[in-house]
Enquirer: 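The structure's right below; bear with me while I get my questions together.
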Protein chains: 2
Amino acid sequence: MANSSDTPTDPLLDALRAELPDQIVSTDPEDLHSRAADLGPADHLTPQLPAAVVRPQTVAEVRTAVRLARTHGRSVVTRGAGTGLAGGANAVHGCLVLEMTGMDRIIRVSAEDSTATVEPGVIVADLDAAAAEHGLMYAPDPASWTISTIGGNIATNAGGLRCAKYGVTRDSVLSLDVVLADGSLISTRSATFKNVAGYDLTSLIVGSEGTLGIVVGATVRLRHRSLAVETIGAFFPDLSTAASGVVEMSRAGVQPAITELLDSATMRALDEARGSDLARRGEALLLVQTDGHGASVEAELVREALRGLGAEVTESGSEEADRLVELRRHARGDGLPDEIRVGEDIAVPRSQLVACIEQMHDIAVAHGVELKVVAHAGDGNLHPTFSVRTSGDEPFEQVSARLDAALDDSVRTALRLGGTITGEHGVGGYKLRWLDWEQSPEVIELQRRIKDAFDPTHLLNPARGVL
Amino acid sequence: MANSSDTPTDPLLDALRAELPDQIVSTDPEDLHSRAADLGPADHLTPQLPAAVVRPQTVAEVRTAVRLARTHGRSVVTRGAGTGLAGGANAVHGCLVLEMTGMDRIIRVSAEDSTATVEPGVIVADLDAAAAEHGLMYAPDPASWTISTIGGNIATNAGGLRCAKYGVTRDSVLSLDVVLADGSLISTRSATFKNVAGYDLTSLIVGSEGTLGIVVGATVRLRHRSLAVETIGAFFPDLSTAASGVVEMSRAGVQPAITELLDSATMRALDEARGSDLARRGEALLLVQTDGHGASVEAELVREALRGLGAEVTESGSEEADRLVELRRHARGDGLPDEIRVGEDIAVPRSQLVACIEQMHDIAVAHGVELKVVAHAGDGNLHPTFSVRTSGDEPFEQVSARLDAALDDSVRTALRLGGTITGEHGVGGYKLRWLDWEQSPEVIELQRRIKDAFDPTHLLNPARGVL
């Protein structure tokens, strides 16, 4: 049992190696480093290294790993593909990282039930593709959906473009299999469309960022896949008018599947990166998709409503409009080499969208930073990105402080307008500093007690998601 | 302070009278008796009388009442209109009943936000009517919606006819104001469409049957009110084929707003009670409503799909079909004077609907009882009613035992088919006896801990909703 190397023995590692297959336990430094963080803002958190990365293939292996971590008093941080933007999957020092990407089977797609049963490591777009074979779709489509896992989407209650009409991840999850902190395995409920037996553990665990249990299986609801989809691009002379198009379409009785808003800075960045020709055509782009059996009727109502606001609107059936949706999926884009930037994920009631966007611009001006805005406008969910092109004259800390101040102000603005600090990315570790700006001490205390009810020793994703 | 009457003084009553307006505190025996139970099965529970009924007009009065009940070690049972069917609002001996019907203001309907903010005592159909003035609707429409309150609907996570397409109550609730057992007042979250800050307390409290807190305000999401609605009545030669129509419509790519199934016994009962002429036309009736901008396209697809199964289908625009929906809303109807009956609220995955209905008939035959079935078929939610017409020869206890045995078997069947003991009525007190048939000890234990986290002394609706 003695370890002959120079490294002192870690009894957790010994136990993991004794009870789990060799190939699923890694202490390779490269693995430890690459699994230390998700895609959240790296500069805000000092990365901490896990002791090991375990890639379970079975529920039994998950339970064993949890049991061993508990026995050895070590935290468990669960991750999917690590595409989160809030540090919710960041490791804590010496923890066990459970990487669920190896459990990636689509167990069953039932066309009769309009459901799919999946393991947590399934890529979201793959689930949607499997549903498509039956004329169905899995609706939630976060920008990361070609690389992110359903387990990660469940952990963060991921949104996406189509959730304006079809709801967020929570609205598509019927039942979860979950390994709890004590190693027990529960099924939250039967996978019927309606079920009011007891408390809604399913909804509670969706969006809990790995802090209440480890999702090892899910049955999700599928929706009809629309054969008819109409896409409308509407270029506006100014951003506020474009934003007001959201309410105008609603007034016309239309529920678009997608309503995305891009400002001129975003269009310019896309033009530069992708060779498109957007910025020339207006100061803002509203991108709308209608679907279902009324898609063309709704599209006509959309065109009429947006033209009434002075927009230049693409014609029916134009291929350009479809290309615009693809461009939108890349709209947050990559940073420039000399750029420091920070992004947000605030959401406000729809009626406050125009005011919120205008105040974002005021904030950028006040702090001397650049602003780009894209928004899931139908949901009032904005992604402002504040950035500074560094000249080298200003110390990094100073630039960073200005950006942080802009971020703080943007969050304050969202809250003042009746909104939230996070619409779809989650709190993770990154947004903990704002959580008590939004939540009252009583709400924070209730959440602490719920955490304690599930995980009394704070084994799972400690210091993430809730204060 | 001495009480001069013969009745011994109840210090809780003295305190309530000292701190609350006279007119909202009642100890009138008629009030105590009429507020002792909801519309659940009376014969299964011995009614217990509250010490007082308080009808608060303000949040402050709710908080005072809760504080006084806690101080005096007495339970609080909250009720709306008392239309629940599972005993969830039944009083416990000596408790304080909070009747929320006096807090019935619609605070705000925002067309721009597609939301409404209401007090808990608002009648659900009134909320829908207020939304209608803005071209919107409040979607959940349980059979009781012209008399039940939004607070009661939230407590039970009520379903209804339209929830096949628009979801249950939980899917329409954005934010709740809740008085907790310790008397504190929380707002669960901001009323944005998307919000992932912390745990989803809103969804947890919806459907918790008054056991976690007292809902004193709600902001709900409204949907577009469809101008076009098409109703299709389809008469089938047998019930199983009618039930299979649900999957057939789904295969045709249609998401009806309403999909209701009535069996021949239900049709006969309606014919007797309402003078209709349904039973002559088939052994089962599937009642379908499509809405939205594609309503007529979808209706044509429905007609085609159901005719393909051998149904006799009503023509487009027939007034008869609309009358059928009104009839359906009364389909569970009143009992006959010489009839003893018990009803259920099971739900199964949609693919199991046909098997479930067939097994309900086998169960009725096995126990020598009559069966009627209506179903929210699109959701797989069945309401079988078992009944016996008493000849007087058989003792009541014996009849009751046969009915109970049939009920137990129906619940076992639902669970065996992957379903639940309650699709939309709730557990209340009545279905506690089945809850551990559905839920594992681990799930029951988790729910106990959640209850303890919110309400450590079990002040609120004790022994209801969770084991």
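Labels below follow one simple rule: chain letters A, B, ... track the order of the sequence lines, proteins then strands, and each chain is numbered from 1.
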Enquirer: Where is the tightest heavy-atom contact between Q439(B) and A197(A), given as atom of each residue plus distance?
Expert: NE2-O, 3.1 Å
Enquirer: Please lay out, stage by stage, how T420(B) and R189(A) fare under the test side-chain hydrogen bond (donor to acceptor under 3.5 Å, both in side chains).
Expert: CA-CA 8 Å; T420(B) 175; R189(A) 42 161 283 188; over 6 Å; no
Enquirer: Among L415(B), T115(B), V466(B), which residue has the highest count of heavy-atom pairs closer than 4.5 Å to chain A?
Expert: V466(B)
Enquirer: With a 4.5 Å cut-off on heavy-atom pairs, point out which of V427(B), V247(B), D113(B) contacts chain A the most.
Expert: D113(B)
Enquirer: Give the member of R448(A), K451(A), R223(A) that has the highest number of heavy-atom pairs under 4.5 Å with chain B.
Expert: K451(A)
Enquirer: Do you know the tightest heavy-atom contact between H293(B) and G253(A)?
Expert: NE2-O, 2.8 Å
Enquirer: Using non-hydrogen atoms only, which part of S250(A) is less than 4.5 Å away from chain B: side chain, backbone, both, or neither?
Expert: both
Enquirer: Heavy-atom distance under 4.5 Å to chain A: side chain of T290(B), backbone, both or neither?
Expert: neither
Enquirer: Do you know which of G423(B), G294(B), S440(B) has the most heavy-atom pairs under 4.5 Å to chain A?
Expert: G423(B)
Enquirer: Counting heavy-atom pairs under 4.5 Å to chain B, which of G207(A), S184(A), G419(A), G167(A) comes out on top?
Expert: G419(A)
Enquirer: To check you understand the geometry: which heavy-atom pair defines the closest contact between S190(B) and G418(A), and what is its length?
Expert: CB-O, 3.4 Å
Enquirer: Which of the residues R225(A), E298(A), R251(A) is involved in the greatest number of heavy-atom pairs with chain B at under 4.5 angstrom?
Expert: E298(A)
Enquirer: Of all the heavy-atom pairs spanning R350(B) and F193(A), show the shortest one and how long it is.
Expert: NH1-CE1, 3.9 Å
Enquirer: Quick one: what part of H134(B) sits under 4.5 Å from any heavy atom of chain A, side chain, backbone, both or neither?
Expert: neither
Enquirer: Answer with side chain, backbone, both or neither: which region of A295(A) has an atom nearer than 4.5 Å to a non-hydrogen atom of chain B?
Expert: neither
Enquirer: Hey, could you give me the CG/OH distance between L204(B) and Y199(A), rounded to the nearest 0.5 Å?
Expert: 7.5 Å
Enquirer: From E112(A) CD over to E248(B) CD, what is the distance, rounded to the nearest 0.5 angstrom?
Expert: 9.5 Å
Enquirer: List the atom of A347(B), the atom of K194(A), and the distance in Å for their closest heavy-atom pair.
Expert: CB-O, 3.6 Å
Enquirer: Sort I444(B) into side chain, backbone, both or neither according to what part of it lies under 4.5 angstrom from a heavy atom of chain A.
Expert: neither
Enquirer: Supply the atom-to-atom distance L446(B) CG to L212(A) CG, rounded to the nearest 0.5 angstrom.
Expert: 9.0 Å
Enquirer: Quick one: of L227(B), L174(B), V254(B), who has the most non-hydrogen atom pairs under 4.5 Å with chain A?
Expert: V254(B)
Enquirer: Under 4.5 Å, counting heavy-atom pairs only, tell me which of G159(A), S114(A), G135(A) racks up the most with chain B.
Expert: S114(A)
Enquirer: Identify which of D379(B), D171(B), V348(B), V297(B) forms the greatest number of heavy-atom pairs closer than 4.5 Å to chain A.
Expert: D379(B)
Enquirer: E209(A), H224(A), E424(A): which one forms the most heavy-atom pairs within less than 4.5 Å of chain B?
Expert: H224(A)
Enquirer: Which one, N157(B), D200(B), T188(B), leads in non-hydrogen pairs under 4.5 Å with chain A?
Expert: D200(B)
Enquirer: Please classify the contact of R170(B) with chain A as side chain, backbone, both or neither, using a heavy-atom distance under 4.5 Å.
Expert: side chain
Enquirer: Using non-hydrogen atoms only, which part of T156(A) is less than 4.5 Å away from chain B: side chain, backbone, both, or neither?
Expert: backbone
Enquirer: Identify which part of K431(B) has an atom lying under 4.5 Å from any heavy atom of chain A, answering side chain, backbone, both or neither.
Expert: neither
Enquirer: Judged by atom type as modelled, is there a donor-acceptor pair below 3.5 Å linking the side chain of Q255(A) to the main-chain atoms of G292(B)?
Expert: no
Enquirer: Considering only heavy atoms, which portion of A228(B) lies under 4.5 Å from any heavy atom of chain A: side chain, backbone, both, or neither?
Expert: neither
Enquirer: With a 4.5 angstrom heavy-atom cut-off, is it the side chain or the backbone of N381(B) that approaches chain A, or both, or neither?
Expert: side chain
Enquirer: Could you pull out the closest heavy-atom pair between E438(B) and N195(A), with the gap in Å?
Expert: OE2-ND2, 3.2 Å
Enquirer: Does I186(A) offer a backbone N or O that forms a donor-acceptor pair with the side chain of E442(B) under 3.5 Å?
Expert: no
Enquirer: Pick one of side chain, backbone, both or neither for L467(A), based on which atoms fall under 4.5 Å of a heavy atom in chain B.
Expert: neither
